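All figures in this text were calculated on a predicted structure; none of them were measured in a lab. Letters A, B, ... are given to chains in the order of the sequence lines, protein chains preceding strands, and every chain is numbered from 1.
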Amino acid sequence: MADEESMIRAEGLVKRFGDLVAVDGLSLDVRKGELYGFLGPNGAGKTTTVRMLTTMEIPDEGSIAIDGLDARARVVEVRRLIGVIQQHNSLDKDLTVRENLLHHALMQNLSFKEAKKRIEEFAGIMELQDRMETKVDKLSGGWKKKVSIACSIMHRPEILFMDEPTTGLDTQSRNLLWKLIRGLNKDGTTVFLTTHYIFEAESLCDRVGIINKGRLIAEGTPEELKRRVGAFALVSVGPDGEESVSYHPDSASARAASADVPPDSSISIRPTNLEDVFLELTGRRIRCTIFPPRCSGWPTATSAT
Amino acid sequence: MYNLPSEVFRVAYGDLCYMRHNLVQTLVSTLIGPLLYLLAFGYGMRSGDQDYIAYVIPGIIAISSMNAGFSSSSQKILIQRLFHSSFDELILCPMHTPSVILGKCVMGGLRGLAGGLIILGLGMLLTPGLSLTPWLVLAMLLSCLMFSLLGVAAGLTANSSPTLMMINSIVILPMSFMCGTLFDVDSLPDFAAYIVWALPLSHSTAVMRASALCDPVDPTSVAVILVYATAFYCICHLIIKKKLY
Ligand SMILES: Nc1ncnc2c1ncn2[C@@H]1O[C@H](COP(=O)(O)OP(=O)(O)O)[C@@H](O)[C@H]1O
Ligand SMILES: [Mg+2]
């Protein structure tokens with residue numbers, strides 16, 4: 001891949017906290033204009049990776065280049081290129097929405113005049129107008145997230161890092177956020193998004209990296225990743241409730257394989273999803289944490305015999 | 001190159017808004033301590049001796065510059081670091097390290113200066129011996145800056161509120177009483193006087209007292225304040241560079 005195409009390039013990142021290796025030899029290459037999803041369960045090392053990529057934490061080993069700039073030597077320039085939405089709300093809770101926006105705009109070196117103009121613009125985009133004079137402390141989670149996002153995109157960053165932006169949001173806010181992320185990406189912003197929602201990685205992202213225990217265990221488009229395991233899953237549930245899953249390249253071979261299942265089992269064939277990929281690669285099911293709280297459009301079992 | 005004053009203002013803007021929202025609380029908490037000192041020592045112990053009041057008020061101003069400077073910056077940074085991760089936002093912005101450090105001193109500086117001027121105004125009403133001189137204002141500013149820098153360093157290093165409170169009671173509280181603020185350092189036994197003269201607040205007090213009483217200011221004390229301020233600044237710089245880029 002040509003170097004100028006690469007927006008985020010990390011090589012051999014390691015971060016230790018005492019004895020714990022939170023990120024363990026991670027390498028990444030995110031291209032210009034890509035919407036990259038970083039999928040993994042809680043504690044996998046997503047936040048630590050984002051903090052290193054965004055100059056908030058120094059890696060113990062490895063190197064990072066953002067748009068070709070070394071993140072260590074050219075840190076102020078790198079910070080100008082990026083926008084970051086942290087996992088936890090990092091707004092100043094004692095200030096109003098307007099003051100938070102203005103403070104961020106000023107710290108991004110915008111002039112007072114330009115800052116005021118953009119605040120109006122982004123208040124419109126994010127529908128914040130009625131809440132501009134409200135203290136952030138008094139806002140609900142969804143509104144706080146909107147304000148954080150407005151704060152981090154006001155300087156029109158080329159790369160936007162979002163650490164679990166939709167965790168804890170209701171379906172409506174999440175859909176709105178997805179629309180916004182797609183829009184920003186379409187306008188040319190490279191997006192690096194972490195999530196533990198499989199469905200989000202699958203339906204939103206161009207390319208997905210799966211991280212587990214600080215290591216990148218797979219990377220590719222959602223289609224590639226699923227094809228690697230087998231596009232169709234044959235699920236059989238025995239009379240004792242024991243579930244077993246096998247993967248097949250197409251639905252015909254899955255149907256053929258269903259002949260071998262013991263006769264008193266119930267069988268279903270469904271498209272493979274990224275949860276299956278994760279399960280196959282790690283042998284670990286993390287359904288409870290990795291699934292979204294039953295969101296609309298989730299591909300459920302397609303056929304039963 | 002970059003515009004340092006502009007960046008300092010940009011960094012400080014959040015704290016300035018915070019002060020505006022909490023103007024009354026900030027002023028009250030800045031003034032209560034110094035007023036109690038004035039009442040207890042000026043009137044309680046010396047029953048309103050005018051010379052002593054003129055003597056002790058610069059000391060009280062020095063104490064309040066130290067307290068306001070240290071506590072504003074240390075507490076705000078600790079809270080922003082530990083509980084709101086909004087200090088990260090500061091680090092994430094393309095501001096240069098000197099701007100971040102000095103920007104975080106602005107609130108302490110303003111608080112200390114406002115408190116000091118109010119106490120001085122009160123003192124001038126109570127006794128004719130005190131005057132507001134340019135040296136005094138400069139000394140207040142320098143002293144606030146020095147202790148704000150110490151506060152930034154403490155806020156960046158402490159890992160909990162109890163730790164910060166401990167630093168406060170080990171470092172700040174003893175200085176309030178010992179550094180010539182309420183009595184003459186040279187009346188202490190020799191070895192104690194040496195220790196006390198090594199502490200920064202002794203020199204803030206000396207400069208403020210001399211300038212408020214229109215006596216000649218000892219340049220050594222000014223130099224000591226500058227050396228301490230530079231040292232505290234360097235510590236902040238090292239902490240930020242070591243923890244972050
Ligand atoms: N500041 C820290 N000190 C000690 N351990 C940490 C720190 N930050 C993260 N960790 C540990 O590193 C691992 C990865 O954490 P994190 O990157 O937050 O994961 P994720 O964002 O994927 O949930 C976890 O085991 C976490 O407990
Ligand atoms: Mg996380």
>> Check the orientation of A/Phe192 and A/Tyr36. Use parallel for under 30°, tilted for 30 to 60°, and perpendicular for over 60°.
In response: parallel
Please determine, among [options], the option with the most heavy-atom pairs under 4.5 Å with chain B.
{"options": "A/Glu77, A/His104, A/His155", "value": "A/His104"}
{"options": "A/Leu91, A/Asp92, A/Leu95", "value": "A/Leu95"}
{"options": "A/Gln108, A/Arg80, A/Glu99", "value": "A/Glu99"}

Chain B contact via [X] - side chain, backbone, both or neither, heavy atoms under 4.5 Å:
{"X": "A/Ser111", "answer": "backbone"}
{"X": "A/Phe112", "answer": "side chain"}
{"X": "A/Asp94", "answer": "both"}
{"X": "A/Gln86", "answer": "side chain"}
{"X": "A/Ile85", "answer": "neither"}

Is a side-chain N or O of [X] found less than 3.5 angstrom from the main chain of [Y], in a donor-acceptor match?
{"X": "A/Ser148", "Y": "A/Asn89", "answer": "no"}
{"X": "B/Ser202", "Y": "B/Ala198", "answer": "no"}
{"X": "A/Asn185", "Y": "A/Gly33", "answer": "yes"}
{"X": "B/Asn22", "Y": "B/Gln25", "answer": "no"}
{"X": "A/Thr189", "Y": "A/Leu184", "answer": "yes"}
{"X": "A/Arg118", "Y": "A/Met154", "answer": "yes"}

> Could you walk me through whether A/Met7 and A/Glu158 pass the side chain to side chain contact (heavy atoms under 4.5 Å, CB included) check?
Replying inline: CA-CA 9 Å; A/Met7 211 47 163; A/Glu158 306 221 357; 3.5 Å; yes
>> Regarding A/Lys145 and A/Glu164, does a basic nitrogen lie under 4.0 Å from an acidic carboxylate oxygen?
In response: no
> Do A/Glu114 and A/Lys117 meet the salt-bridge criterion of a basic N to acidic O distance under 4.0 Å?
Replying inline: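 Yes, this pair counts.
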> Given B/Gln80, which of B/Glu89, B/Lys104, B/Gln75 fulfils the side chain to side chain donor-acceptor pair (under 3.5 Å) condition?
Replying inline: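 When side chain to side chain donor-acceptor pair (under 3.5 Å) is applied between B/Gln80 and each of B/Glu89, B/Lys104, B/Gln75, only B/Lys104 qualifies.
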> Considering heavy atoms only, which positions within residues 141-173 of chain B lie below 4.5 Å of chain A?
Replying inline: none
>> Applying a heavy-atom distance below 4.5 Å, give me the residues of residues 5-15 of chain B that approach chain A, sorted by number.
In response: B/Glu7, B/Phe9, B/Arg10, B/Val11, B/Tyr13, B/Gly14
> Can you tell me if A/Thr166 and A/Arg174 form a side-chain donor-acceptor pair at under 3.5 Å?
Replying inline: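 Note: A/Thr166 and A/Arg174 side chains miss the donor-acceptor criterion.
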> Which distance, rounded to the nearest 0.5 Å, do you find between the CE of A/Met126 and the CD1 of A/Ile153?
Replying inline: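 Atom-to-atom, A/Met126:CE and A/Ile153:CD1 are 5.5 Å apart.
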> If you round to the nearest 0.5 Å, how far is CG of A/Leu193 from CG of A/Leu39?
Replying inline: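 One finds 10.0 Å between CG of A/Leu39 and CG of A/Leu193.
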>> Between B/His21 and chain A, with a heavy-atom cut-off of 4.5 Å, which part of the residue counts as in contact: side chain, backbone, both or neither?
In response: side chain
>> Please classify the contact of B/Leu16 with chain A as side chain, backbone, both or neither, using a heavy-atom distance under 4.5 Å.
In response: neither
